[in-house]
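The next block holds one structure in the form of structure tokens; read it before the comments.
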Amino acid sequence: IIKDQNARLNDQIEKVLQLAKMESSSFELKMEDLDMHELIQQVVDHQQLRVRESGGIMETDFRAVNHMVRADRFHLLNVVSNLVDNAIKYSVGHPEIYIRTLDLLDGCALEIEDHGIGIKKEDLPYLFDKFYRVSTGDVHNVKGFGIGLYYVKRVCDAHGFELSIQSEYKKGTIVRILLKNSHK
């Protein structure tokens, strides 16, 4: 328990430090060509055991042919990790998580879908606000400081990626990021 809580606290501290850096004028992205499928698979491999231990499933469906993107590896990896972590945390019972990539005209889309607790319509406009936390009702094991989606939004904005969330309360959520190809 102590080891898990220590890792969680370290993760939160890292997010706070990265946010502080992003909000300062010294923030710079280290851009490189990245294979989104490889990056997503890295996150899935890291989180798969956690999903299986709770009796859930996490499946990938890599449909994008144009899955090379120009991005900062560290920050994009954190974005995908954060979104997958949220999909797991906000699931009731056995998590069902589906991660897809799809081709777009000028890049690819990443979709992370869960069949978790969903988000009420009145909470949707505030999801990307710093320190905003959605009330989780009867899901008591969800911990955080309300900086995860704020960080995700800031990273997407810094890259010029479009981020959207579609959710239905008590049915689930789909997070979508439209990523630009590295050759554009």
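Everything numeric here is computed off the predicted structure, so don't read it as measured data.
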Going only through I, L, V, M, F, W and Y residues with side-chain contacts under 4.5 Å, is there a path from [X] to [Y]?
X: Leu179; Y: Leu77; result: yes
X: Val44; Y: Phe74; result: yes
X: Ile88; Y: Val79; result: yes
X: Leu178; Y: Leu149; result: no
X: Val84; Y: Ile57; result: no

Compare every heavy atom of [Y] with every heavy atom of [X], then report the nearest pair and how far apart it is.
X: Glu28; Y: Asp72; result: O-OD2, 4.4 Å
X: Asn66; Y: Cys108; result: O-CB, 3.4 Å
X: His75; Y: Leu29; result: CD2-CD2, 4.0 Å
X: Glu96; Y: Ser91; result: N-OG, 4.5 Å
X: Ile165; Y: Ile119; result: CG2-CD1, 4.2 Å
X: Thr173; Y: Ser167; result: OG1-OG, 2.8 Å

Using salt bridge (Lys or Arg N to Asp or Glu O under 4.0 Å) as the criterion, list what pairs up with [X], not counting sequence neighbours.
X: Arg50; value: Asp85
X: Lys171; value: Glu168
X: Glu162; value: none

(message) Nearest 0.5 angstrom please: Asp45 CG to Met58 CE, how far?
(response) 8.5 Å

(request) Could you grab the distance from atom CD1 of Ile99 to atom CD of Gln41, nearest 0.5 Å is fine? (result) 8.5 Å

(message) Can you confirm whether the side chains of Asn78 and Tyr151 place a donor and an acceptor under 3.5 Å from each other?
(response) yes

(message) Per the ring-ring contact (aromatic ring centres under 6.0 Å, His included) rule, what does the pair list look like for residues 28-57, sequence neighbours excluded?
(response) His37-Phe62, His37-His67

(message) Suppose we screen for side-chain contact (heavy atoms from CB on, under 4.5 Å). Which residues come up paired with Arg63, at least two apart in sequence or across chains?
(response) Asp61, Arg100, Leu102

(message) Which residues pass the side-chain hydrogen bond (donor to acceptor under 3.5 Å, both in side chains) test with Ser81, not counting sequence neighbours?
(response) none

(message) Tell me whether His94 contacts the main-chain N or O of Ser54 through its side chain, where contact means a donor paired with an acceptor under 3.5 Å.
(response) yes

(message) What I'd like to find out is whether the side chain of Ile177 reaches to under 4.5 Å of the side chain of Leu83, using heavy atoms alone.
(response) yes

